[in-house]
There are 2 protein chains.
Amino acid sequence: MSKRTNYCGEITKAELEQTVTLKGWVKKRRDLGNLIFIDLRDRTGFVQVVFNPETAEQAWKIADSCRSEYVIEITGIVSARQGSAINPNMATGEVEIIASEIEILNAAKTTPFLIDDNETVNDELRLKYRYLDLRRPEMQNNLRMRHDITRTVRNYLDNEGFMDVETPYLNKSTPEGARDYLVPSRIQEGHFYALPQSPQITKQLLMGAGFDRYYQIVRCFRDEDLRGDRQPEFTQIDIETSFLTPEEIQDHTEALVAKVMKEVKGVEVTLPFPRMSYDDAMARYGSDKPDTRFGMELIDLSDAVKEVEFKVFQMALENGGQVKAIVAKGAADTYSRKDMDNFGTFVTQFGAKGLAWLKVDEEGVKGPIAKFMTGKEADLLAVTGAEAGDIIMFSADKAEVVAASLGALRNRLAKELNLIDDSAYNFLWVVDWPLLEYDEEAGRYTSAHHPFTMPKESDLALLETAPEKVYAEAYDIVLNGYELGGGSSRIHKREIQEQMFKVLGFTKESAEEQFGFLLDALDFGFPPHGGIALGLDRLAMLLAGKDNIREVIAFPKNSKAIDPMNEAPGQVSEAQLAELSLSVAGTMIKE
Amino acid sequence: MSKRTNYCGEITKAELEQTVTLKGWVKKRRDLGNLIFIDLRDRTGFVQVVFNPETAEQAWKIADSCRSEYVIEITGIVSARQGSAINPNMATGEVEIIASEIEILNAAKTTPFLIDDNETVNDELRLKYRYLDLRRPEMQNNLRMRHDITRTVRNYLDNEGFMDVETPYLNKSTPEGARDYLVPSRIQEGHFYALPQSPQITKQLLMGAGFDRYYQIVRCFRDEDLRGDRQPEFTQIDIETSFLTPEEIQDHTEALVAKVMKEVKGVEVTLPFPRMSYDDAMARYGSDKPDTRFGMELIDLSDAVKEVEFKVFQMALENGGQVKAIVAKGAADTYSRKDMDNFGTFVTQFGAKGLAWLKVDEEGVKGPIAKFMTGKEADLLAVTGAEAGDIIMFSADKAEVVAASLGALRNRLAKELNLIDDSAYNFLWVVDWPLLEYDEEAGRYTSAHHPFTMPKESDLALLETAPEKVYAEAYDIVLNGYELGGGSSRIHKREIQEQMFKVLGFTKESAEEQFGFLLDALDFGFPPHGGIALGLDRLAMLLAGKDNIREVIAFPKNSKAIDPMNEAPGQVSEAQLAELSLSVAGTMIKE
């Protein structure tokens with residue numbers, strides 16, 4: 001092997017007449033007359049290499065035996081392409097290498113799919129041969145962008161005095177939150193570590209330890225059923241600070257995100273990001289993470305339809321619910337009655353019983369519920385702003401159902417009707433979250449964020465008497481309808497933390513048993529503190545313009561949490577289980 | 001809360017007469033006459049704050065109620081100290097803050113130990129209240145230094161074109177290497193992920209994917225019994241490259257380490273680092289990670305003592321072993337006969353049967369085996385270079401036992417005799433490692449490094465016929481007697497990898513089952529590649545001048561792999577185990 005002098009994709013006319021040694025993969029081989037052309041690829045791109053049997057017979061012979069994805073090393077002289085041979089569509093299109101030497105460093109069998117961005121390959125095959133899938137320029141770029149993001153994040157935080165501190169992955173299982181991944185202990189029979197869902201308590205303890213500004217780009221683990229933007233393990237940009245207000249933490253986060261947008265995407269975003277209360281977001285967009293790249297806001301018709309004698313509306317209002325609508329501008333000709341039926345089915349998954357709708361034309365409103373509108377049409381059009389050619393879609397139900405169904409319908413319609421500017425990055429803070437949610441099934445309150453979130457000081461008195469009315473010092477950052485991260489002030493006083501555990505249904509004993517070390521820590525001079533965690537996978541996914549975080553993770557799992565390449569998780573030996581005093585499904589381990 | 005204007009430890013005369021707001025912990029409170037002095041501490045250090053009842057009565061009253069480790073916020077004016085009040089031993093010793101306001105942000109109970117570097121606290125208590133232990137300036141500095149190391153490493157590697165790629169923590173258990181930590185799968189009953197002992201195969205696959213230069217600062221996991229420089233989880237600076245020679249990888253590593261030494265410690269190290277073959281290191285230092293800060297090399301006496309009629313020597317030589325010695329200069333008066341007996345006991349843990357020794361004085365040699373030396377003294381002194389006042393200590397046994405016992409004795413004596421320059425940083429490459437070790441117990445060869453290490457090309461033919469004679473393209477980097485990291489060229493051809501598995505005792509089927517995905521990958525155009533992994537914990541430990549990696553880890557485990565703070569690993573609910581189809585120690589899980 002000789003020493004590489006250049007990367008393939010970086011050769012330009014600046015290197016003309018130089019002798020270069022390149023290493024890489026055969027992207028394509030073509031025979032043209034008695035010349036052989038090889039496009040040689042490495043991580044920077046590719047360049048054309050020419051083998052001429054008259055000037056380099058030995059090299060030409062070896063080149064003749066090369067196939068796609070062979071790993072080769074070539075030496076040759078950089079030459080200018082002439083006339084029509086110049087390819088303005090490729091970075092190295094003005095040059096080619098006239099090869100004098102070639103060495104085959106490794107051969108390649110025919111790959112199960114072409115290494116080409118234009119090739120459509122099914123996801124399972126891509127994951128099984130991930131090392132081939134990752135050779136595609138698109139995947140190389142996605143991971144390069146991810147690297148650029150983390151680099152920018154680290155530089156910003158390092159310069160702002162944040163300290164990168166590693167926290168344990170072998171942690172303790174706690175009853176709150178999602179399902180833990182467990183790790184059996186060999187030394188303590190019947191005991192288990194848990195992989196962290198986030199280093200939440202640990203980073204708070206670092207504030208108790210006086211580190212003042214902490215960050216970590218850290219893996220987190222949740223054993224949940226998987227979706228497009230979920231993986232068993234995911235990565236978090238984890239930040240915690242002492243003595244800062246929520247606004248100061250938001251300022252840091254904005255500056256950080258703006259720097260990433262500028263350095264990675266070349267996009268200038270306007271600061272500060274808009275703030276919207278949780279209640280407003282739910283009312284106007286039916287979502288706690290509204291996509292504000294388009295309008296189509298939810299319109300409250302509870303007043304306007306009070307007199308409309310449509311039973312569905314009346315019942316909803318009588319039961320303390322709402323009647324709301326969204327208006328799909330100019331969609332009347334796009335959607336047939338059958339399409340509207342489909343939307344009706346679609347909203348049932350969000351708890352709605354169906355979808356009432358009206359099409360507007362020059363003469364008024366048409367559609368299944370038009371007959372109830374007689375005499376109320378002008379009012380309705382005035383309140384909704386609907387015009388000829390529009391469709392009004394209604395939801396009448398409990399507030400949660402109205403929000404969920406119209407919110408989801410709004411997102412679906414925007415995609416179908418091409419209302420979204422793909423080049424826009426709409427950031428938004430959703431602030432003033434409720435502290436708690438009521439879990440009907442468990443018959444108790446659960447944390448909207450986590451049990452360490454600080455209630456609004458003004459609501460502290462309500463914590464015992466009317467917990468559902470308590471708001472939290474919590475805030476989410478939203479990008480284009482995705483929750484990018486969430487932050488809050490944390491509880492730093494023992495008595496408030498104890499009260500919180502009580503509201504969540506812990507006894508004094510069970511709180512002590514699970515979280516005693518944290519309660520103790522709060523006794524020894526704990527500073528006011530707060531922080532935020534941003535989802536790195538989602539951020540990278542959105543900046544790469546993808547809709548699945550698998551596209552920005554080198555070796556992700558499939559939807560069954562399996563890695564189709566190495567088939568993890570796998571079976572282990574009985575000896576391994578015996579050492580852990582474990583047996584599977586009640587089968588005794590034989591010694 | 002007001003906004004902090006400055007950090008405590010950074011206030012100097014440059015801020016004279018300015019009004020500042022500081023936040024931090026009460027390090028100490030003293031009453032002097034009617035004034036109260038509080039040393040206020042944050043992560044940067046501390047500053048003296050003065051409360052005067054005549055100018056700020058309210059603040060003085062609150063200050064009077066403050067105790068150690070209270071978290072407070074103060075506002076006041078920076079003033080110059082006068083005359084003897086100036087304290088040249090403290091960074092802020094020329095100033096003090098005349099407080100006008102104070103707010104108690106949180107109270108503190110009396111801490112179980114003083115937050116002071118001079119306080120001796122037992123390790124278990126330190127870990128139980130780690131958040132208090134971490135408040136000590138020394139621990140703050142250790143973690144700050146660790147941060148500085150990783151920052152320097154990342155900057156170097158980023159600038160050299162290395163890409164930070166995250167690899168999975170939920171991986172597959174493989175039979176080679178140390179014991180895996182397992183993670184049961186909920187979805188695939190009876191199947192387990194394994195936490196990676198290192199991302200070895202994964203990073204190789206990234207080379208197969210064309211990433212060319214990879215790095216990651218990554219957590220690794222080994223379920224082994226613990227020692228001072230071992231933890232269940234540890235952090236590795238993980239590097240892999242394509243197309244580079246071992247020398248080029250070593251050059252990068254040296255440049256990286258030199259940059260860390262310069263930026264973190266202000267120490268200029270000389271490049272290149274010395275190279276020593278494994279065989280030389282074992283022969284001269286009895287160690288594969290020799291501490292070269294002192295001499296006391298092993299001297300081969302196998303020739304010199306051939307005629308000495310001491311049965312121990314003769315038997316060792318007859319059995320194909322060696323006779324070697326080290327000379328402890330000037331130690332004859334330091335060590336009594338009882339001390340020498342203790343050394344004899346010490347070396348038995350390395351397989352030696354005892355320790356022969358001689359003291360040298362003006363008249364010749366003295367000691368238990370002096371009588372065998374009659375007539376050979378001059379020879380012995382000439383070969384060993386021993387002089388009056390020295391002790392010669394012998395080992396006569398198999399080569400491994402001689403090396404292990406004299407190597408360990410050499411390190412122990414150097415410490416006891418103060419031969420080590422604590423300010424020296426002696427880096428060393430140990431190269432040309434044997435590929436395999438013979439495991440007597442298992443009756444088969446095992447890898448000296450790992451099964452993916454490339455044999456020396458010149459030795460490839462020996463792989464089937466005389467595996468024990470094969471050397472590897474492997475190299476360790478050693479600092480002051482600690483293995484800092486190990487690297488190698490990896491196998492990139494399927495046939496060699498298959499041969500290697502065969503030598504290690506795999507059948508074709510078992511190799512395919514465990515490592516089939518890697519073997520397949522080697523078929524599809526795998527580049528020549530190699531890399532290195534450096535132990536971040538050890539590097540930080542050595543630069544911090546400590547002898548236990550716990551001192552540079554925020555939340556380490558104790559020697560039983562328990563975190564005494566949160567008591568991880570803990571018990572989990574039967575419901576959690578049932579979901580994983582697991583039972584402990586043969587007990588059936590009740591539904």
Side-chain angles (χ1 to χ4, degrees), chain A residues 4 23 25 43 69 71 105-106 108-109 111 131 134-135 147 151 163-165 168-173 181 183 185-188 190-193 205 208-210 212 219 223 232-233 243 517 521 523-528 554-555 560-561 565-566 568-570 572 581-586 588, chain B residues 4 23 25 43 69 71 105-106 108-109 111 131 134-135 147 158 163-165 168-173 181 183 185-188 190-193 205 208-210 212 219 223 232-233 243 517 521 523-528 554-555 560-561 565-566 568-570 572 581-586 588:
Chain A
R4 166 162 59 188
K23 308 189 181 208
W25 285 260
R43 78 171 188 188
E69 299 307 314
V71 184
L105 302 178
N106 214 349
K109 293 204 305 194
T111 52
Y131 44 90
L134 289 173
R135 281 186 200 164
H147 165 90
R151 185 177 183 177
M163 238 174 97
D164 181 1
V165 181
Y169 283 121
L170 295 175
N171 226 307
K172 190 183 162 183
S173 185
Y181 277 107
V183 182
S185 160
R186 175 177 55 89
I187 301 175
Q188 306 281 107
H191 288 59
F192 294 80
Y193 303 100
L205 291 171
D212 203 81
R219 206 71 57 83
D223 186 8
E233 47 185 311
F243 304 118
F517 65 102
D523 268 342
F524 291 116
F526 222 93
F555 298 99
K560 285 181 178 146
M565 184 176 65
N566 63 15
V572 298
S581 307
L582 285 182
S583 58
V584 171
M588 291 289 288
Chain B
R4 167 163 57 191
K23 308 188 182 208
W25 285 260
R43 77 172 188 189
E69 300 308 314
V71 184
L105 302 177
N106 214 349
K109 293 204 304 193
T111 52
Y131 46 89
L134 290 173
R135 281 186 200 164
H147 165 90
D158 286 344
M163 239 174 96
D164 180 2
V165 181
Y169 283 121
L170 295 174
N171 227 305
K172 190 182 162 184
S173 185
Y181 276 105
V183 182
S185 160
R186 175 177 56 90
I187 302 176
Q188 307 280 108
H191 287 59
F192 294 80
Y193 304 99
L205 291 170
D212 204 81
R219 207 72 55 86
D223 186 7
E233 47 184 311
F243 304 117
F517 66 102
D523 267 342
F524 291 116
F526 222 95
F555 296 99
K560 286 182 177 143
M565 185 177 63
N566 64 15
V572 299
S581 307
L582 286 182
S583 59
V584 171
M588 292 289 288

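Each chain gets a letter, A, B and so on, in the order its sequence line appears, and its residues count up from 1. Below, all heavy atoms of this structure are taken into account, side chains as well, without hydrogens, waters or symmetry copies.
Below 30°, between 30° and 60°, or above 60°: for B/W25 and A/F243 the angle between ring planes is above 60°, a perpendicular geometry.
By the side chain to side chain donor-acceptor pair (under 3.5 Å) test, A/D164 pairs with A/R154, sequence neighbours left out. Qualifying side chain to side chain donor-acceptor pair (under 3.5 Å) partners for A/R43, counting only residues two or more places apart in sequence or in other chains: none.
Contact record, A/P569 with B/Y193: CD-CE2, 3.4 Å, taken as the closest heavy-atom pair. Here the closest heavy-atom approach between residue A/K172 and residue B/N566 is recorded as CD-O, 2.9 Å. Nearest heavy-atom pair across B/G190 and A/V584 is CA-CG1, 3.6 Å.
Looking at A/V165, only its side chain comes within 4.5 Å of chain B, counting heavy atoms on both sides. At a 4.5 Å heavy-atom cutoff, the contact between A/S173 and chain B is made by side-chain atoms alone. Heavy atoms of A/I187 lying under 4.5 Å from chain B belong exclusively to its side chain.
Counting only distance, with no hydrogens or angles, the side chain of B/Q188 and the backbone of A/G570 share no donor-acceptor pair below 3.5 Å. Proximity of a side-chain donor or acceptor of A/N106 to a complementary backbone N or O of B/F526 within less than 3.5 Å is detected.
At a threshold of 4.5 Å between non-hydrogen side-chain atoms, the residues A/H191 and B/V572 do not count as touching. At a threshold of 4.5 Å between non-hydrogen side-chain atoms, the residues B/D212 and A/R4 count as touching. Looking at heavy atoms from C-beta onward, A/F524 lies in side-chain contact with B/K109 at the 4.5 angstrom threshold. Taking the side chain as every heavy atom from C-beta outward, A/K23 and B/P527 never approach each other to under 4.5 Å.
Ranked by heavy-atom pairs shorter than 4.5 Å toward chain B, the options A/A108, A/G525, A/A568 are led by A/G525. Interface remark: of the candidates B/E69, B/M565, B/E233, B/E233 forms the most heavy-atom pairs closer than 4.5 Å to chain A. Looking only at heavy-atom pairs under 4.5 Å with chain A, the residue among B/A209, B/P232, B/A521, B/A554 that has the most is B/A209.
Distance CG/A/N171 to CZ/B/F555: 9.5 Å, rounded to 0.5 Å.
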